[in-house]
Amino acid sequence: MKTRVILVAGAGGVGKTTVSGALALAVPSYLRPALVLTVDPARRLAQALGLDSLSNEPAPIPGRSGVDAAMLDASASWDALVHRHTDQHTADRLVSNRFFRTIAQRFTSGQAYAVAEEMLRLVEAERYRTIIVDTPPIGSGSDFFNSPSEIRTLVAGRALRLLTGAGLPGRKTAYRVATRPALRLADRIVGGPLLEDIGDFLVDLRTTYDGIYERAAQVQGLIDTSDLVAVAAPHPGPIRTVQRICSERPDQVIGTVLNKTVPLEWAEFVPATSTAADRYFAHWSAESAHHRAVARELSGSGLDPALALLTVPEPATISALEHLASSSGLDALVS
Amino acid sequence: MFDSRRLTIVTGKGGVGRSAVAAALALHSASTKEPVLALSMGQADGLAQHLGLDQASGQPVQTSDGVWCGAIEPSAALTDYIAAQTALMPARLGGRVFGALASTVPGIRDIITIGKCVHEARSGSWSAVVVDAAPTGQIESFLGAPSAVAALASRGRIHTQAVGLQHHLSDPAFTRVVTVATPEAMALTEAEAMIEAARDLGIAQPLDLLVNRRHPEPGFTAIPPGVGPVRAAAELGHALVLRESELLSHLSPALTLPHLFGALAPYEVAQRLAQEMTL
C-alpha cells in the first residue's frame, strides 16, 4: 500500500506532539491504518492517548481502531544503527569503544537520523496508509531534516582520512604520529590514547559506510518528498522557524498551525462598561490583536494557518485531541 | 536581586523565552555596573534582537545600555583555539586535522565554546558576562563536556584545559547557571531534569530556576455573568493562574517574570523584563 508520510515540524515548545496526536486521531477510516511516531521522551503523548507507555513497537490506541502509536528510544538508536549496518563483531567492538559512548550521547544527528531511518523502515513495511511523524524540535541542536547528510559525512571518513592519510588502514596501524607530523597538533591537544580510540572508532565506523551511505540517501529522499505541517506558537522564534520551513520547502508544506492562541474576535470587542473584569479583558484583547497580526504574518508565507486555541489544561485526553483537530480545521489536512 | 557573578549561563528548552531573559539579565547587570558582555552561540539572532540589534557577530557590538552583544562563531572560535595552541608549530595542516577531529567530537567543540565564555569572564574587560546557551536538548552534555573530555583525554593539553574549565564552572563564586522555564508541564519537567543533571555534574550550586511568562492574577474573583468575551477571558485567566500555581507549588524559583500581553518588540520585552528584575 502507498504510505502517506506527514512530518510535523517546528521550534521547541509549540505543541508539535499534541498536533501530531490530533492529526493521527483525525485520519479518516479509509486512510487507516495510521501511525503516530514520536521521540517525545516525556510520556505526555502516551498519557494523552491512554497508553501505559509507548515503546518502539507500534501499539494500538485504545478505543480507536486503526490508529497506532510508537515512540522511538533515541538512546538505543545508535546501537541499533550500527548493528544494522555492519557485521556483529565490528558492531560489538564499536559500541564498547568508550569514544563511541560519548559520541552516541552527544551526536544528536545520530538520534535524529535513527528516527528518520525507522520512518523509512515503517513505510517499506507497508503496514500503514498514513504515518504522522512528530519530529525533534528545530533549533535544538539536532537537525532532523539534514541528519542523513550529516551522518553520511561522518561515516564517509573525511576525519579518518585526515587522521590516517590516504587509503584505509587496518586497526592499530591507523595512527602513527612519528610518520604523520600533521597529527602532532591533535596528539598534543587530545593526547595519544584518545586519538587512538578515535582512530579505531573511525576505522570501525568506516565499515558501516557502504550500508549507511546508500540508506541515508534513501532516507533523505523520503524526508524531501513527505508532506509537512509546520507548527508555531505566537512568539518570535517559533514564527521565524515556520517562515523558514515554508521558504525552504514550499512544495512540501501542506499546512501551518498557530497554536496557543486566543479567539481572534476578542481583538474587536469593546466592553460597554468599565468593571474590573472589563479592564482585565483589555489585556486579552491586546493579546488577541497580537495573535491576529501573527496569523496574518504567517499567511504571508502562502498558507492561512489553522488556529488552535490555548486551553487549560493543555489537551491531554483522546477526546481533547479530537476536539483540537476538528475545531482548528487540522483534520482537513489528513483527509 | 541578582548579584553579578562573573559568568552567567542561561539555559532552558526552546520556546521558553531564554533569549529574552538572557538579554534582560544583561541589562539588569549593566544597570548596576557596566560594561556587560552578552554572548549568543551559533547563528540564532534572538539575543541580539532583544538588545536592539539586527544580528550579532564575532566582534561584540555596543548597544545603548552598557551592554555589548556578540556571538560565538564556532569556526572562528576553533581557529582562535588552534592558533593559541600552535605558537611554536606550523598550524596549517595540523589545523585541518584538528578541525576534522573537532567536527567529529562534539565535546571538543563544546570545550572550545565554554573556553571562550570563561576567557571573556576572566579577562577583566567586563563586569559580567551573560551567555545565551544553545537550546539543545542536550544542555547537560554541553555543561558536562569539560569533565567528560577530561576523563576521555587523559593526556594532552585539552585535558588540562578541560580540568581548568570544570573548575570555573563548578565555582559558585565565578559561575551561575540559570534555567528558564515557562509554567507549563513539559518546560518545568525539563528544567527540573536540568537542575538535577547539573548537580550530578558538579556545576556551580545552587542552580537558579527562573520562571518566565507567568500569568498575573486577574484582580477580581467574581466571574462576570452572561456569555461573551469578557466572561471567557476571565475564566481563561483564572484557570491559567490556578494551573500555573499548581505546577509551581513544589518549586522555589529564584525569580518569576510575568507574561507580557499584546505585541511588543523584542527590545521592549527585554527592557520590561529587566525592570521586573529590579523590583
Side-chain angles (χ1 to χ4, degrees), chain A residues 11-14 42 44 98-99 102-103 105-108 136-137 139-142 154 158-159 162-163 181-194 198 202 233 235-238 262-263 265-266 269 271 275-278 280-281 283-287 289-290 293 310 312-314, chain B residues 13-17 19 44 46 49 82 85-86 89 91 93-98 100-101 103-108 134-138 141 148 152-159 182 184-187 189-190 218-220 224 228-234 236-237 239-240 243 261-263 266:
Chain A
V14 299
R44 284 177 57 250
R98 63 183 183 139
F99 181 70
T102 311
I103 255 208
Q105 279 163 7
R106 306 283 175 79
F107 215 138
T108 51
S140 271
S142 78
L154 177 66
R158 176 176 166 268
L162 281 172
L163 270 186
L183 286 176
R184 208 173 291 146
L185 176 64
D187 173 66
R188 195 172 287 200
I189 295 176
V190 302
L194 179 58
I198 293 172
L202 290 173
H235 298 293
V262 296
E265 318 81 74
W266 291 5
F269 184 82
T275 63
D278 294 326
Y280 176 70
F281 174 76
H283 293 301
W284 289 104
S285 187
E287 192 82 333
H290 172 49
L310 174 66
V312 184
E314 298 148 13
Chain B
K13 77 185 286 271
V16 298
S19 298
Q49 285 169 0
I82 290 172
Q85 308 305 316
T86 60
M89 297 170 53
L93 186 56
R96 279 181 57 216
V97 171
F98 185 73
L101 256 189
S103 64
T104 311
V105 187
I108 292 182
T136 76
Q138 309 253 323
S141 341
L152 268 187
S154 50
R155 290 175 2 211
R157 273 195 214 154
I158 208 168
H159 174 84
T182 47
E184 293 169 295
M186 182 103 149
T189 306
E190 289 207 20
F220 58 94
V230 175
R231 181 193 174 93
L236 178 64
L240 281 167
R243 171 90 179 129
F261 288 93

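Order of the sequence lines sets the chain letters (A, B, ...), proteins ahead of strands, with each chain counted from 1. Reckoned from all heavy atoms, side chains included, excluding hydrogens, waters and symmetry mates. Keep in mind that what you see is a predicted model, and the values were worked out from it rather than measured.
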Inset, instruction - Go through the atoms of A:Glu314 and report whether side chain, backbone, both or neither lie under 4.5 Å from a heavy atom of chain B. - result: side chain
Inset, instruction - Flag the one option from B:Ala232, B:Gly228, B:Gly219 with the top tally of heavy-atom pairs under 4.5 Å to chain A. - result: B:Ala232
Inset, instruction - Output all residues satisfying ring-ring contact (aromatic ring centres under 6.0 Å, His included) with A:Phe269, sequence neighbours left out; order by chain, then residue number. - result: A:Phe281
Inset, instruction - List the steps, then state whether side-chain contact (heavy atoms from CB on, under 4.5 Å) holds for B:Leu240 with A:Leu310. - result: CA-CA 10 Å; B:Leu240 281 167; A:Leu310 174 66; 4.2 Å; yes
Inset, instruction - Determine the minimum heavy-atom distance between A:Glu287 and B:Gly262, stating which atoms define it. - result: OE1-N, 2.7 Å
Inset, instruction - Could you tell me which of B:Ala233, B:Gly15, B:Pro266 has the largest number of non-hydrogen atom pairs under 4.5 Å with chain A? - result: B:Ala233
Legend entry - Shortest non-hydrogen contact from B:Gly237 toward A:Tyr280: CA-OH, 3.1 Å
Legend entry - Where A:Pro271 and B:Val230 come nearest, the two heavy atoms and their spacing: CG-CG2, 4.1 Å
Inset, instruction - Please flag which part of B:Pro218 lies under 4.5 Å from any non-hydrogen atom of chain A: side chain, backbone, both or neither. - result: both
Inset, instruction - Give, as side chain, backbone, both or neither, the part of A:Ala276 having an atom under 4.5 angstrom from any heavy atom of chain B. - result: both
Legend entry - Toward chain B, the part of A:Ala277 with a non-hydrogen atom under 4.5 Å: both
Legend entry - Residue A:His235 versus chain B: region with a heavy atom under 4.5 Å: side chain
Legend entry - Which atom of A:Pro313 lies closest to which atom of B:Arg243, heavy atoms considered: CB-NE, 3.9 Å
Legend entry - Segment of B:Ala187 engaging chain A (4.5 angstrom heavy-atom cut-off): neither
